[in-house]
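Structure first, commentary second.
The shown structure was predicted, so the numbers you read here are calculated from the model rather than taken from an experiment.
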Amino acid sequence: MESIIIDVREKDEFEAEHVEHSLNLPLSTFQKQAPALLRNLSGKPMTILCRSGKRAELAASQIKSLAPQA
């Protein structure tokens, strides 16, 4: 199964350079947009990236907080 690549850089950064076929979900809007996207991608492997890794780390943390508690 192919991994979905989510790029959390802002739109202008994404437009300047990005991995082909990656989805742009800026960290600035991540908390608002991520729940719907994550429902649609449920069960699929994801890779989250940004330029340095800091925003990707924050986004991964937000995903954990959005996940339903078992």
Side-chain angles (χ1 to χ4, degrees):
M1 183 180 291
E2 235 178 87
S3 182
I4 305 298
I5 301 171
I6 300 174
D7 189 322
V8 295
R9 293 177 294 167
E10 295 303 313
K11 185 178 179 178
D12 59 331
E13 295 172 280
F14 181 81
E15 288 176 353
E17 178 181 49
H18 63 271
V19 174
E20 189 175 4
H21 305 297
S22 61
L23 303 173
N24 183 223
L25 186 60
L27 186 62
S28 62
T29 61
F30 193 84
Q31 194 120 21
K32 185 177 180 178
Q33 294 181 346
L37 179 67
L38 295 173
R39 275 193 300 275
N40 290 331
L41 299 177
S42 181
K44 295 180 182 172
M46 283 184 267
T47 301
I48 302 170
L49 63 86
C50 67
R51 187 180 59 80
S52 70
K54 271 298 202 198
R55 286 177 280 187
E57 188 177 312
L58 290 169
S61 208
Q62 288 182 23
I63 286 173
K64 288 178 187 169
S65 72
L66 294 170
Q69 302 300 312

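Taking the side chain as every heavy atom from C-beta outward, Val19 and Thr47 never approach each other to under 4.5 Å.
Partners of Glu10 according to the side-chain hydrogen bond (donor to acceptor under 3.5 Å, both in side chains) rule, which considers only residues two or more places apart in sequence or in another chain, are Ser28.
Among pairs with a residue in residues 15-27, none fulfils side chain to side chain donor-acceptor pair (under 3.5 Å), at least two apart in sequence or across chains.
Going from atom CG of Leu37 over to atom CG of Leu23 covers 6.0 Å, rounded to the nearest 0.5 Å. For the atom pair CD1 (Ile63) and CD1 (Ile48), the distance works out to 3.5 Å, reported to the nearest 0.5 Å.
As a member of the Ile/Leu/Val/Met/Phe/Trp/Tyr network built from side-chain separations under 4.5 Å, Phe14 groups with nothing else and remains a singleton.
Residues Leu49 and Met46 do not share a hydrophobic cluster, clusters being chains of Ile/Leu/Val/Met/Phe/Trp/Tyr side chains in contact below 4.5 Å.
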Between side-chain atoms of residues 50-59 and protein atoms elsewhere (two or more places apart, or another chain), which donor-acceptor pairs fall under 3.5 Å?
residue : atom : partner : partner atom : Å
Ser52   : OG   : Lys54   : N            : 3.4
Arg55   : NH1  : Glu13   : OE1          : 2.8
Arg55   : NH2  : Glu13   : OE2          : 3.0

